[in-house]
Amino acid sequence: MSTAHTSGQTLMRQRGLIGPARRVMGSNGTKRLTTAQALIRFLQVQQTERDGLRRDFFGGCFGIFGHGNVGGVAQALHQYRHEFRYILGRNEQAMVHASAGFARMSNRLRAFACASSIGPGSTNMVTGAAGATINRLPVLLLPADMPATRIPRPVLQQVELPWTSSVSVNDALRPVSKYWDRIERPEQLLWSAPEAVRVLTDQAETGAVTLALPTDVQAEAYDFPEEFFRTRVYRIPRPIPDSEAVAEAVRTIRQASKPLIVAGGGVIYSEATEALATFVDQTGIPIVETHAGKGSLPYDHPSNVGSLGVNGVPGAFAMAQEADLVIGIGTRWTDVTTVSQTAFAHPEAQFINVNIGSFDAHKFSGLALLGDARVVIDSLSEALAGFRVAPEHEEKAARLNHEWDAEIDRYASLGNQPLPSQGEVVAAVNEVAAPEDVVVSAAGSLPNDLQKLWRSRDPKSYHVEYGYSCMGYEIPGGLGVKMAAPDREVFVMVGDGSYLMMPSEIVTAVQEGLKLIIVLVQNHGFASVGALSRRLGTEGFGAHYRHRGEDGLLSGERLPVDLAANAASLGADVKRAANIEELRKALEEARAASGTTLVHVETDPDVYVPRFHWWDVAVAEVSTSDAVRAARTTYEEEREKSRRHL
Ligand SMILES: Cc1ncc(C[n+]2csc(CCOP(=O)(O)OP(=O)(O)O)c2C)c(N)n1
Ligand SMILES: [Mg+2]
């Protein structure tokens with residue numbers, strides 16, 4: 001190991017990217033450890049390296065213990081407690097969300113493990129795991145499993161199935177895991193643990209990974225070879241695209257008259273935002289952004305037309321409608337991004353898909369440019385020297401950018417009375433936030449307003465989980481973001497419905513001294529689903545938090561819930577804002593404070609930033625309601641516009 005390398009490591013240690021120096025072991029010895037001890041020891045020495053910067057891959061392990069792991073994984077975490085960070089979570093689903101938030105904020109170069117007990121702790125992780133896998137974010141799940149001996153049988157919390165003895169509830173994690181294994185003998189770890197980390201660090205494969213750990217095996221000792229515990233560095237490569245594919249892409253781009261870039265999360269994970277700016281400045285090709293890709297260019301870059309999608313801005317949709325060439329970079333082309341496949345209306349629209357994974361690169365029969373986003377963009381910039389789109393195309397993008405920016409100002413200053421609109425709340429948060437501060441959200445109507453109104457000035461400032469759009473992600477997700485970026489302020493924007501699903505991690509934030517600024521938007525139910533329901537003729541049924549009324553329906557008075565008092569009871573400092581001025585003041589105070597603050601604001605549920613586009617949500621084909629029948633007719637008409645891009 002060279003001196004330069006050593007001093008680099010020292011520097012990284014100082015920055016907290018890698019942990020304390022560890023003893024280098026001999027190559028031929030063995031170490032007698034339990035399976036759980038060996039696993040935790042192994043996790044400590046996994047590292048990733050990209051662009052010459054090395055990091056400990058695992059930031060630590062969340063855990064909630066029970067009889068399934070208290071003598072195994074918990075014992076190991078206790079034994080290594082000064083070397084490997086353990087965080088007590090409040091809900092297993094939330095631990096996985098926090099880990100996903102951490103991984104996303106770390107551009108997938110770092111991750112967390114989550115240890116649960118057997119049974120309900122494990123199944124609680126299924127939702128979080130699905131979210132991580134959908135969003136392609138590494139999280140290691142360590143659920144306890146039935147004893148391999150099967151002697152305590154049926155063990156507490158075991159689902160008994162008369163047709164098999166080899167299935168446990170942990171098998172429910174299989175469909176949401178990118179790698180899944182059950183460690184039935186200690187030595188199986190020698191193969192499986194490196195496999196787990198290989199998948200977690202593979203930028204195309206990554207997602208939730210499960211190592212199910214039978215209770216007795218966790219505690220069983222084995223003579224592990226010392227080599228197993230040597231530091232492993234997983235280089236995160238920047239694969240170079242095939243030169244012929246690049247040449248074909250260049251020919252296609254040169255022939256296109258209205259090319260458009262769709263920037264997805266891959267641009268940000270690859271740290272390709274500067275390369276993208278160079279490419280766009282050189283070629284004049286306009287860009288639009290997905291939720292995960294928002295922040296790829298600053299909001300006021302003249303080529304950034306804004307967000308494309310079901311909740312996107314009209315200008316981005318207009319550019320998509322006429323694009324004859326669509327260059328997707330790091331996007332997985334969700335239904336939300338493609339506006340249920342109505343966005344790209346040009347009869348001969350072609351796709352070029354720049355992606356690290358072949359699965360996404362081949363979607364929509366696109367020309368697959370397989371490789372790292374930054375490397376591919378750089379090679380396109382080089383090969384397209386001298387190429388520039390027609391001035392009208394560029395000017396149109398700049399005009400649309402300006403037009404929408406003026407709309408943001410309008411929504412920001414509606415002056416709605418007596419309660420502010422949610423749009424005004426989003427704009428106020430955006431104004432108080434510094435460019436590098438992060439906004440976190442996930443479900444409800446907030447992602448809609450955020451996607452349209454949030455002015456991103458930094459690639460990591462917009463963290464809206466809209467792959468799984470999982471109610472409850474907001475607070476734990478924000479916690480994970482703060483863990484990855486402690487120097488940034490984190491604004492969690494959460495609706496009352498989502499808050500009720502998972503306020504629990506406020507307690508964890510307080511425990512860890514991790515500061516969150518939580519903006520709780522109270523509108524007494526589901527504004528989002530309510531509006532969609534009304535649009536489909538179903539009158540907002542089931543979308544309002546009300547007492548059961550005399551008609552036997554949920555039509556009574558509003559429920560007397562006080563979520564601010566709830567947050568205060570969990571340890572947050574709480575501020576109630578009655579209007580935008582008070583909100584701004586509360587946010588500024590929260591920003592200056594050192595602890596977690598929840599700012600409670602009630603908004604007018606009937607005043608919202610509209611959704612401009614159709615969304616393929618099926619409507620009843622037959623109904624007793626005129627409104628539903630009318631909605632069905634519209635649905636059938638709109639569905640005709642959906643393309644297949646075969
Ligand atoms: C776990 C989960 N369950 C259900 C849904 C479907 N859903 C999407 S938004 C929403 C309501 C969200 O309510 P709230 O957080 O108050 O936000 P609002 O709609 O009022 O903006 C529901 C039920 C979901 N996304 N996630
Ligand atoms: Mg609500």
Side-chain angles (χ1 to χ4, degrees), residues 91-94 96-97 100 123-135 176 291 309-311 334-336 411 416 419-426 429 439-454 464-478 491-506 518-536 538-546 554 558-559 561-564 566-567 598-611 615 617-618:
N91 174 310
E92 293 84 357
Q93 179 186 330
V96 184
H97 288 328
T123 47
N124 269 356
M125 297 204 291
V126 175
T127 300
T133 291
I134 283 191
N135 287 299
V176 291
H291 263 295
V310 167
N311 296 322
T334 68
D335 181 66
V336 159
Y411 286 113
N416 197 64
L419 294 173
S421 67
Q422 184 171 268
E424 291 171 89
V425 170
V426 166
V429 176
V439 67
V440 181
S441 196
S445 57
L446 274 163
N448 169 69
D449 290 16
L450 284 163
Q451 197 182 20
K452 288 193 179 79
L453 304 182
W454 192 266
V464 174
E465 189 280 290
Y466 214 68
Y468 208 39
S469 187
C470 185
M471 289 171 78
Y473 175 85
E474 296 85 348
I475 294 170
F491 289 87
V492 172
M493 296 201 72
V494 58
D496 54 321
S498 294
Y499 177 87
L500 279 169
M501 287 225 180
M502 204 157 283
S504 49
E505 267 21 64
I506 290 177
I518 303 167
V519 181
L520 168 57
V521 177
Q522 172 61 277
N523 57 19
H524 304 280
F526 305 161
S528 53
V529 183
L532 185 59
S533 158
R534 284 195 299 279
R535 201 186 266 218
L536 305 190
T538 312
E539 302 177 343
F541 183 67
H544 307 291
Y545 289 166
R546 289 180 181 276
L554 299 179
R558 277 186 175 165
L559 298 173
V561 291
D562 184 349
L563 300 181
N566 175 269
L598 180 135
V599 182
H600 181 278
V601 60
E602 189 163 342
T603 58
D604 187 334
D606 296 323
V607 181
Y608 43 85
V609 186
R611 183 151 61 72
W615 185 19
V617 175

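Just so it is clear, the values below take in all heavy atoms, side chains as well, and ignore hydrogens, waters and symmetry mates. Order of listing sets the numbers, starting from 1, for every ligand and every atom in it.
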What distance separates [X] [atom1] from [Y] [atom2], expressed to the nearest 0.5 Å?
{"X": "I518", "Y": "M493", "atom1": "CD1", "atom2": "CE", "result": "12.0 Å"}
{"X": "I506", "Y": "I475", "atom1": "CD1", "atom2": "CD1", "result": "4.5 Å"}
{"X": "M125", "Y": "N91", "atom1": "CE", "atom2": "CG", "result": "11.0 Å"}
{"X": "L450", "Y": "Y466", "atom1": "CG", "atom2": "OH", "result": "11.0 Å"}
{"X": "N311", "Y": "N448", "atom1": "CG", "atom2": "CG", "result": "4.0 Å"}
{"X": "N523", "Y": "R558", "atom1": "CG", "atom2": "CZ", "result": "8.0 Å"}

For [atom], what is the nearest protein heavy atom, given as residue, atom name and distance?
{"atom": "atom 17 (O) of ligand 1", "result": "G444 CA, 3.7 Å"}
{"atom": "atom 13 (O) of ligand 1", "result": "F526 CD2, 3.3 Å"}
{"atom": "atom 19 (O) of ligand 1", "result": "S528 OG, 2.6 Å"}
{"atom": "atom 8 (C) of ligand 1", "result": "V529 CG2, 4.0 Å"}
{"atom": "atom 22 (C) of ligand 1", "result": "M471 SD, 3.3 Å"}
{"atom": "atom 18 (P) of ligand 1", "result": "A527 N, 3.5 Å"}

Do [X] and [Y] pair up side chain to side chain, a donor and an acceptor below 3.5 Å, judged on atom types alone?
{"X": "E465", "Y": "N135", "value": "yes"}
{"X": "S441", "Y": "E474", "value": "no"}
{"X": "Q422", "Y": "S445", "value": "yes"}
{"X": "D449", "Y": "Y411", "value": "no"}
{"X": "H524", "Y": "E602", "value": "yes"}

Short N or O distance, M501 and ligand 1, threshold 3.5 Å exclusive: no
Whether S469 lies under 4.0 Å from ligand 1, heavy atom: yes
Residue-ligand contact G525/ligand 1, heavy atom below 4.0 Å: yes
Parallel, tilted or perpendicular: ring planes of Y545 versus F526, cut at 30 and 60 degrees: perpendicular
Just jot down the ligand 1 atoms closer than 4.0 angstrom to any heavy atom of [X], in number order.
{"X": "S498", "result": "14 (P), 15 (O)"}
{"X": "G497", "result": "13 (O), 14 (P), 15 (O), 16 (O)"}
{"X": "S445", "result": "18 (P), 19 (O), 21 (O)"}

Side chain, backbone, both or neither: D496 near ligand 1, heavy atoms under 4.0 Å: both
Polar protein atoms near the Mg ion (ligand 2) [N, O or S; cut-off under 2.8 Å]: D496 OD1, N523 OD1, G525 O
